[in-house]
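Computation of the quantities below employed the complete heavy-atom set of this structure, encompassing side-chain atoms and omitting hydrogens, waters and symmetry-equivalent molecules. Quick note on labels: first sequence line is chain A, next is B, and so on, each numbered from 1.
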Protein chains: 2
Amino acid sequence: MDTTDPSEIVVGLNAVIVTVTDEEPRVLMVRDGTAAAADALPFGPFDARNDRTLEEGLRSWVAQQTDLDLGYVEQLYTFGNRGRDPREKQDGRRFISVGYLALVRDAAPSGGGIWRNWYEFFPWEDWRDGQPAILDADILPALNRWVESTPDAYLRAVREERLALAFGLESGAWDEEHVLDRFELLYEAGIVGEAARDGGDEADGPGKVMGFDHRRILATGMSRLRGKIKYRPVIFELMPSEFTLFQLQHAAEGLAGLRLHKQNFRRLVERAGLVEETGRVETSLPGRPAKLFRFRRTVLRERPTPAVNLPRGG
Amino acid sequence: MDTTDPSEIVVGLNAVIVTVTDEEPRVLMVRDGTAAAADALPFGPFDARNDRTLEEGLRSWVAQQTDLDLGYVEQLYTFGNRGRDPREKQDGRRFISVGYLALVRDAAPSGGGIWRNWYEFFPWEDWRDGQPAILDADILPALNRWVESTPDAYLRAVREERLALAFGLESGAWDEEHVLDRFELLYEAGIVGEAARDGGDEADGPGKVMGFDHRRILATGMSRLRGKIKYRPVIFELMPSEFTLFQLQHAAEGLAGLRLHKQNFRRLVERAGLVEETGRVETSLPGRPAKLFRFRRTVLRERPTPAVNLPRGG
DNA sequence: ATTTAAATGCTCAGCATGAGTATAATTTAT
DNA sequence: ATAAATTATACTCATGCTGAGCATTTAAAT
């Protein structure tokens, strides 16, 4: 290859395909091709000849490979860091990937894919049963050691501030949207397995390791989705056509990794006009039967930002 | 070229570089190379050999070409629609571009760049002097004709709803963030000049035409920035080190294209702890001298989402 | 009939917001 | 010198949203 030529660039498309089963958020995974055989996000090439748009390319290979009917799709981010794909070292090509977030209603994927609970990869992100033990036991001590062992005083201060912000230490304010900030800190500090692996060592650390930089892409998707449910009614893309308010709350809690205040959640959803009664009730559980609701699509025309806010509380 | 080969993909980097001069938001433009010689966003190649990350690539050619010191930088979106670059038709290559938003303090660009007020391209987005006349005179009638002339009833209803949402017709609620939605409607309806040009006709329509799909990229940047100032203190990236609260308000108004309520704006900014007095005053204007303030960086550690909300009102 | 498990209804303090009125400190015009 | 204009800043007040919790209703299970 002529050295004045730019090295070849390969553009691929990665998808964070999310569903919610009961109250658990799940992500579609495949096995990556490497020896480590970690979980990886589904991936497809961008076909410059046949795909008119990037999103069309994504939908076409997802439809081919899985049987899933992607509802909501949005572009997440384009990842192009050197070293993100091990094949780079073999043949010098550069791998760039456009990440997408897609939402589907609970369904069985065909093909080689499998749903995995996203908290398998991010156990510290699930605060539904209180602060995860792994934070105080492992993660925060390791992060603090990393900050304290930073030689340069200015850099140390910067890292300390990032740590405080991402994990809400000072104000006691955990922000569930900061998934990516937290993962990036853990990577930089060498705490997650990917850091060791990319450095050529044995991978170990909190949460399951994923192939390539896919845990970062997943973190990006989680951040985006956790933010989005607060100002767009995307959560209904994940719900069946009829649901009780408690099921809706459980879905929101699963995504946000937080417990919400039941009465206030109801008040919010109803006052915002997001749902309407179907007239039926759900009676499969003990206790008073719950009314079934459906999403009121016309709300989109009425309010500027109709969405499920997250009134915290146990 | 072998037909089994994918066609060659060229990855470029586009930047929406924004500054604020007095109360006007300006964007760095260059002349595009085509015969039409429209304004275009600065563009640089992504150098797969030398750029470790996409953002590093962006910073490196911006520094080379313009002399500007990019402060805040964030990735916007990756644009890959077929037909977005006329060179496609010549040599069959496919041009993909990663768009970035960058903020700089007011300064003169070196090189061939020039600052242009972004409302030259989006006159309907400036509501600071009330609803822009061009809306009732041209844009809304044309959009309504487009909707009404849609043969398929379902598609017509969808378009009507999109129109109502994007331009806030029913509820009278103009949402300043929906810049991109509005531009996409105008493009689809064939109202902006780019639509005619891409169809091979003479370009004409509201707002100045830009080269390639750059007006869409600019719209993406405007949407992002208008949203961001509400939950991150990015506006201070555009302010001098000392400023009066009214100057800050003017900058926010210029970006949002809205007039804000002065007293409530002050209350918000001060109560949020975003600024601190410098002790000096600004006396160059008639009227009571205004205190000068600076950004309080430590606010980042105190509040989860410190930002300049936008209390509307004349 | 009693207990248990929900769902649903209601209250209340605190805070934020929208929309002002009122007052203070300057420069410009007469 | 005085008034008018201009800008900054302080303060008020009704409204509505939010967080937190108590109370009541309706069912199944024992």
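Comment: B/Lys291 engages B/Glu277 in a salt bridge, judged by a side-chain N to carboxylate O separation of less than 4.0 angstrom. Between A/Arg215 and A/Glu125 there is no salt bridge, since no side-chain N of the basic residue sits under 4.0 Å from a carboxylate O of the acidic one. Using a 4.0 Å cut-off between charged side-chain N and carboxylate O, B/Arg224 and B/Glu74 make a salt bridge.
OP1 or OP2 of D/dT9 has at least one side-chain nitrogen or oxygen of B/Arg266 nearer than 4.0 Å. For D/dT18, the OP1/OP2 oxygens have a side-chain nitrogen or oxygen of A/Arg271 closer than 4.0 Å. Checking the phosphate oxygens (OP1, OP2) of C/dA7, no side-chain nitrogen or oxygen of A/Lys291 falls inside 4.0 Å.
Using cut-offs of 30° and 60° on the angle between ring planes, the pair A/Trp124 and A/Phe122 is perpendicular.
Residue B/Leu268 is the one, among B/Gly287 and B/Leu268, whose nearest nucleotide of DNA chain C lies closer to the 5' end (criterion: closest heavy atom). Annotation: of the two residues near DNA chain D, A/Pro286 and B/Gln247, the 5′-most nearest-nucleotide partner is B/Gln247. Checking A/Arg288 against B/Leu285, the closest nucleotide of DNA chain D that is more toward the 5' end is the one next to B/Leu285.
Put simply, NZ on B/Lys230 is 19 Å from P on C/dA16, counting in whole angstrom units. Whole-Å rounding puts the B/His250 NE2 to D/dT6 P distance at 14 Å. Protein atom NE2 of A/His261 is 12 Å distant from nucleotide atom C1' of C/dC10, rounded to whole Å. Whole-Å rounding puts the B/Gln249 CD to D/dT7 P distance at 13 Å. Atom P of nucleotide D/dT9 and atom CD of B/Glu270 are separated by 8 Å, given to the nearest angstrom. Atom pair B/Arg259:CZ and C/dA19:P shows a separation of 16 Å (rounding to whole Å applied). A straight line from CG of B/Leu292 to C1' of D/dT7 spans 14 Å, rounded to a whole angstrom.
Evaluation of atom-type donor-acceptor distances gives no pair under 3.5 Å for the side chain of A/Arg267 against the base of C/dG9. A donor-acceptor contact under 3.5 Å is formed by the side chain of B/Gln263 with the base of C/dT21.
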**Asked** Could you go step by step and tell me if A/Arg128 and A/Glu253 meet the salt bridge (Lys or Arg N to Asp or Glu O under 4.0 Å) rule?
**Response** CA-CA 7 Å; A/Arg128 286 175 294 176; A/Glu253 288 177 334; over 6 Å; no
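B/Leu245 comes within 4.0 angstrom of nothing in the nucleic acid, heavy atoms only.
In the set D/dT9, C/dA7, D/dA20, the nucleotide with an atom closest to the side chain of B/Lys262 is D/dT9. Listed nucleotides: D/dA20, D/dA27, C/dG18. Nearest to the side chain of B/Asn264: C/dG18.
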